[in-house]
Amino acid sequence: MWYCSCGVIQTDRGVWLRNLEEENPEFWRSSAQNTLCSALSRKHNTNVAKNILLFLGDGMGVTTITAARILKGQLQNRSGEETIMNMDTFPFVGLAKVTHSFLKNFQIPDSAATATAYLCGVKTNLNTVGVSAAARNGVCRSQKGNEVTSILKWAKDAGKSVGIVTTTRVQHATPAASYAHSASRTWYSDADLPTSAVTGGCLDIASQLLRNTDIDVIIGGGRKYMTPKGFPDPEYPTDLSAQGQRKDNRNLVNEWLSMKEGKPSLSRVIFGLMWREITEKAIRILKKNPKGFFLLVEGGRIDQGHHDSRASMALHEAVALDDAVARGLELTNEEETLTVVTADHSHAFTFNGYPFRGNSILGKSPIFAMDFLPYTTLMYGNGPGIKITDNKRPDIRNVDTTDKDYVQQSAAPLDSETHGGEDVALFARGPMAHLYQGVYEQSYIPHAMAFAACVGTNQEHSIFVMKTYILISH
């Protein structure tokens, strides 16, 4: 329980003492000097990256990171504001511009266009994955000849092991852009292909999971897109919505297992705090390759929570992703592993109000609005949370806004809350991590990874430039 006096004193004696320390200017001067010393002693790691770990928080904008930081501390029975996320400890931070997909398309992109940017290195059109902007949404014939490959394939072609871990389906936009080429992100299985796509020879995303790149580890959902129509799910046999959907009668799960001949198998998604375990499992398998690995780890339910305006769901997933980051750092060597944490886009999500320090991040502001009603600290610019009766907002004084299923208030009514268009943060650590300083296009991200690891179509050039750079820097 929190007891406010001047808005800061709590039952936790450690926090109370810290607040007393913060009244002394020397506390802040000392803190600044420590940060300054850390910055001055920072050296660039110019090693070649043997491994690349990419943690992608789907929809994890800066507001989400800040709110998740506070939630993480409060879950540990602390005030929250002073918490340090694992990603906060990364020495290099930049901003990626996601304000548009293709220049003539949309000002704010979706997860398909952004995934193609940060994985394949090109900007493209809304709803398309693994293709250039010359392809058109839903037009199969425009896909041919406009396919682009990803950092996952570049790494595989260089002899590295590669993997995907996601809390959504493995055919979803983010993982799909790493291995598939599709004029529509919604062509999950052959049952989703329109007649024009079938006659045009376009393949569904699930079948491309086996066809395009030999992926060593796949952990995620989406099994129904890989099994025959009506095929009962082995874990949820009575759930009709989980039954297979494929019209071609193929069982892609069995086909993938046969291809691997006893190697690690495709798994269903595991949510929440099990993230550390599934991330660890993937890394332990991939790191057996002496040439290194590339691993994409996606926190997809951040985005799903925001679209539903359920901030609790989004923030808990962000905290779980940060825990997975910690496990990734524990299992790898900073001298040889480039670790990047970023987001594909933000959301119309705000952190507002002047709540007292230590107030639940999922709680209410102590200041009432002009209609004499309270509002939540976290709100959405649009979404399903708007409920107006007789020109009045609902009175939430007796509503538990910290409940995991609470739908946050919003300004404009929509069935599903939208993405935000502001820049997203990128945290980097390891070989050549300093290449991620400043502000850059999102499509720059995989090119810097490729340079750091000396992979990709310009591999020989990258090696030459890398050696020259190292020589000059020393």
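Sequence positions, counted from 1, serve as the residue numbers for this chain.
Atom OG1 of T174 is separated from atom CG of D303 by 8.0 Å, given to the nearest 0.5 angstrom. Taken to the nearest 0.5 Å, the CG atom of L378 stands 8.5 Å off from the OG atom of S360. To the nearest 0.5 angstrom, H306 atom NE2 is 8.5 Å from T63 atom OG1.
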S111 vs D344, side-chain hydrogen bond (donor to acceptor under 3.5 Å, both in side chains): CA-CA, chis, key distance, verdict: CA-CA 6 Å; S111 295; D344 49 355; 3.2 Å; yes
Verdict with reasoning, V340 to M449, per side-chain contact (heavy atoms from CB on, under 4.5 Å): CA-CA 9 Å; V340 172; M449 288 181 185; 4.1 Å; yes
Residues S309, Q408; criterion side-chain hydrogen bond (donor to acceptor under 3.5 Å, both in side chains); working and verdict: CA-CA 5 Å; S309 292; Q408 242 72 22; over 6 Å; no
Derivation and outcome, side-chain hydrogen bond (donor to acceptor under 3.5 Å, both in side chains), residues Q304 and T168: CA-CA 9 Å; Q304 294 174 6; T168 62; 5.4 Å; no
Residues E81, S79; criterion side-chain hydrogen bond (donor to acceptor under 3.5 Å, both in side chains); working and verdict: CA-CA 6 Å; E81 297 85 0; S79 172; 2.2 Å; yes
Working for side-chain contact (heavy atoms from CB on, under 4.5 Å), residues L56 and Y118: CA-CA 10 Å; L56 192 286; Y118 64 78; 3.4 Å; yes
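The backbone N or O of A177 lies less than 3.5 Å from no partner atom in the side chain of T116, so there is not a single donor-acceptor pair. Within the 3.5 Å criterion, the main-chain N or O of T186 finds a donor-acceptor partner in the side chain of S184. Although no hydrogens or angles enter the test, the distance criterion places a donor-acceptor pair under 3.5 Å between the side chain of T342 and the main chain of A425. A donor-acceptor contact shorter than 3.5 Å is absent between the side chain of S30 and the backbone of E26. With hydrogens and angles disregarded, a donor-acceptor distance shorter than 3.5 Å links the side chain of H447 to the backbone of G121. With W28 contributing its side chain and E22 its backbone, the two residues share a donor-acceptor pair below 3.5 Å. In terms of modelled atom types and a separation under 3.5 Å, the side chain of D216 and the main chain of S161 share no donor-acceptor contact. In this structure a side-chain-to-backbone donor-acceptor pair under 3.5 Å is missing from N34 to C37. At distances below 3.5 Å, not a single donor-acceptor pair connects side-chain atoms of N47 with backbone N or O atoms of P431. When atom types are taken as modelled, the side chain of T337 and the backbone of E334 share no donor-acceptor pair closer than 3.5 angstrom.
The pair K281-E277 does not count as a salt bridge, with every side-chain nitrogen at least 4.0 angstrom from each carboxylate oxygen. Comment: D157 engages K153 in a salt bridge, judged by a side-chain N to carboxylate O separation of less than 4.0 angstrom. Here E82 pairs with R357 in a salt bridge; the nearest charged N to carboxylate O distance falls below 4.0 Å. Electrostatic pairing of D58 and R301 does not count as a salt bridge here, judged by no charged N lying under 4.0 Å from a carboxylate O. A salt bridge does not link D233 with K224: every distance from a Lys NZ or Arg NE/NH1/NH2 to an Asp or Glu carboxylate oxygen is 4.0 Å or more.
In terms of heavy atoms, K50 sits closest to P290 at CE-O, 3.1 Å. The nearest pair of heavy atoms linking A49 to L338 is CB-CB, 4.0 Å. Closest non-hydrogen pair, R327 versus E330, comes out as NH1-OE1, 2.5 Å.
A 4.5 Å side-chain heavy-atom check between F351 and T66 finds at least one atom pair inside the cut-off. Residues V424 and L426 fail the side-chain proximity criterion, which asks for heavy atoms closer than 4.5 Å. At least one side-chain heavy atom of T279 sits less than 4.5 Å from a side-chain heavy atom of F55. Annotation: side chain of L295 is in contact with side chain of I283 (closest heavy-atom distance under 4.5 Å). Looking at K364 and T401, their side chains come closer than 4.5 Å, going by heavy atoms from C-beta outward. Within the 4.5 Å cutoff, the side chain of I52 has no heavy atoms near those of the F293 side chain. In this structure, the side chains of I218 and Y179 stay at 4.5 Å or more apart for every pair of heavy atoms. By the 4.5 Å heavy-atom criterion applied to side chains, L54 and V297 are not counted as neighbours.
The ring of H347 has its center no closer than 6.0 angstrom to the ring center of Y380. The aromatic ring centres of H419 and H307 sit less than 6.0 Å apart.
Annotation for D415: atom CG does not count as buried by contact number, only 12 or fewer foreign heavy atoms lying within 6.0 Å. Around atom CG of L40, more than 12 heavy atoms belonging to other residues, nucleotides or ligands sit under 6.0 Å away.
Geometrically, R169 engages Y188 in a cation-pi contact, judged by NZ or CZ lying under 6.0 Å from the ring centre and within 45° of the ring axis. For the pair R42 and F92, the cation-pi test (distance below 6.0 Å, angle within 45°) is passed.
Tested against R69 for a side-chain hydrogen bond (donor to acceptor under 3.5 Å, both in side chains), the candidates D88, D322, T64, T83 yield a single pass: D88.
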